[in-house]
Chemist: 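There's a structure below that I have some questions on.
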Number of protein chains: 2
Amino acid sequence: MLDQLPNTLLQQRKTVQLEANQPLFIQGTKPKFLYFLEEGEVQLTRCGQQGETCTLQRIQQGFLAEASLFAEHYHCDAHCSKKSRLSAFPIKAFRQQLGQDGFYEVWIQLLSKEIKRLRNQGQRLALNSASDRIIHCLQTEGENGVLRLQGSIKEWAAELGLSHETLYRTLHRLQKQKQLEIVKQKTATQLKLTMHCPT
Amino acid sequence: MLDQLPNTLLQQRKTVQLEANQPLFIQGTKPKFLYFLEEGEVQLTRCGQQGETCTLQRIQQGFLAEASLFAEHYHCDAHCSKKSRLSAFPIKAFRQQLGQDGFYEVWIQLLSKEIKRLRNQGQRLALNSASDRIIHCLQTEGENGVLRLQGSIKEWAAELGLSHETLYRTLHRLQKQKQLEIVKQKTATQLKLTMHCPT
DNA sequence: CGTACTTTTGAATCGCATCAAATCTGGTGG
DNA sequence: CCACCAGATTTGATGCGATTCAAAAGTACG
């Protein structure tokens, strides 16, 4: 991914190391850098009326908050949910380099991909049954019906807009009904899900 | 909006007139044109597993499916929900003109705006109470807490991911509780909502 | 005037959120 | 190595609110 960036830009990259639970930026502040997550995990969140936190997105790798490139201020909070390593690019330089080597095309494709992801997410959240959301997630985020989860089930529940209790229960019910297979892998908190019903 | 397009592109514009309920494009087909809705209404939808239709977006004015510019195929269906007039631009020419006069910057800003809208929509759908979704919509889509609805309440319900019965009931409850004001305007099926509680 | 659609209200049902509590887990420090 | 702790996982019971089905009243339009 980064190899598609103009060299001028790559040379201005600064590496940022952050521990788990440290903030990266907060809503309302002016973006100075565009971040690329190399390793770890960053969550984009927002606070509701009563202070409840809403998880907009969990990112394990790639650019964060791509829409902040031309934004006056961030529209959500970002914090590291795991110890993370990031590359930071000065926003100003980034904007200036967009015209270089047709780099804008790369960026437009990135934004388009994000829009598609968000449309999927929206469609998923519009489903009001827990099992429908799970299956929809397998079909859209998974590869060939198989999804490797990053992090805990509890974190996944937040992304799906479900309480973790409901997610646990529904997963077990689907498993019992042979609609999916749950494979817990060794030390890592990863699950592998496999659909058993046709598309 | 259209005045920001390069002249070369404007000259290739074709006008399209469609009646209500006519399809504009369907999921899976290859995009040949990029559409700008001048007048009327277009809905982007998707079909769920059991054939239920999910309304992803209702558009009254502006570009449709901006992400299709570099897409191999459409990722949702589009149809006119009202009699509409559109401008169609050949995709190929559009892509070629992006480099002209820094037009790509206009396009990137458009995509960024769409991403922000989708994030709002996602956050809204993650709220599980009808009144929270309504209020969130007023705060994000409205101007200064005032929102002019386009179309019927029933259509709005689909966008909010609620049954229309629940939306009607909750609107009346909020009105009775003085949390919002509903003003039905003459012939047009428009409502004006005004928040009465602080931000 | 009739038809199609929206708006409205009612009643029954179902599923999710919530609170609570127990168990399991990985990781830390003694 | 073991004790311990924080967090994830699991299970149970309860209540609320949204969906659904049904039906009536209102409204736009030809």
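All values derive from a computational prediction rather than experimental measurement.
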Chemist: Round to the nearest Å and state the distance from A:L167 atom CG to D:dA8 atom C1'.
Modeler: 12 Å
Chemist: Does the ring centre of B:W107 sit less than 6.0 Å away from the ring centre of A:Y104?
Modeler: no
Chemist: How close or far is atom C1' of C:dT8 from atom CZ of B:R173, stated in whole angstroms?
Modeler: 16 Å
Chemist: Taking atom C1' of D:dA18 as reference, at what distance in whole Å does atom OH of B:Y168 sit?
Modeler: 17 Å
Chemist: Which residue, B:K154 or B:E165, contacts DNA chain C at a nucleotide closer to its 5' end, judged by nearest heavy atom?
Modeler: B:K154
Chemist: Could you tell me the separation between the CH2 atom of A:W156 and the P atom of D:dA8, rounded to a whole number of Å?
Modeler: 17 Å
Chemist: Taking A:R119 first and then B:E114, would you say they form a salt bridge - that is, a charged N and a carboxylate O separated by under 4.0 Å?
Modeler: yes
Chemist: When you check the side-chain N and O atoms of A:Q139 and B:Q49, is any donor under 3.5 Å from an acceptor?
Modeler: yes
Chemist: Ignoring hydrogens and angles, does a donor from either the side chain of B:R169 or the base of D:dT20 sit under 3.5 Å from an acceptor on the other?
Modeler: yes
Chemist: To the nearest angstrom, how far is B:K82 atom NZ from D:dC29 atom P?
Modeler: 12 Å
Chemist: Do any of residues 122-129 of chain A sit with a heavy atom less than 4.0 Å from DNA chain D, and if so which?
Modeler: A:N128
Chemist: Bend across the helix from C:dC1-D:dG30 to C:dG30-D:dC1, to 10°, with axes taken over 5 pairs at each end?
Modeler: 50°
Chemist: Tell me whether the side-chain N/O atoms of A:H172 come closer than 4.0 Å to OP1 or OP2 in D:dT10.
Modeler: yes
Chemist: Report yes if the side chains of A:L162 and A:T170 come closer than 4.5 Å at any heavy-atom pair, otherwise no.
Modeler: no
Chemist: If you take all heavy atoms of A:F36 and A:Q61, which pair is closest and at what distance?
Modeler: CZ-NE2, 3.5 Å
Chemist: Could you check whether the rings of B:Y74 and B:F25 sit parallel, tilted or perpendicular, using 30° and 60° as the cut-offs?
Modeler: parallel
Chemist: What is the distance, rounded to the nearest whole Å, between atom NZ of A:K83 and atom P of C:dG27?
Modeler: 14 Å
Chemist: Look at the rings of B:F33 and B:Y35 and say which category their plane angle falls in: under 30° parallel, 30 to 60° tilted, over 60° perpendicular.
Modeler: tilted
Chemist: Would you say A:S163 places a side-chain N or O within less than 4.0 Å of OP1 or OP2 belonging to C:dA17?
Modeler: yes
Chemist: Could you tell me how far apart A:I153 (CD1) and C:dC24 (P) are, to the nearest whole angstrom?
Modeler: 18 Å
Chemist: Can you tell whether the side chains of A:E52 and A:R46 come within less than 4.0 Å, N to carboxylate O?
Modeler: no
Chemist: With the threshold set at 4.0 Å, does a side-chain nitrogen-carboxylate oxygen contact exist between B:R124 and B:E141?
Modeler: yes
Chemist: Rounded to the Å, how far apart are B:H164 NE2 and D:dG26 C1'?
Modeler: 14 Å
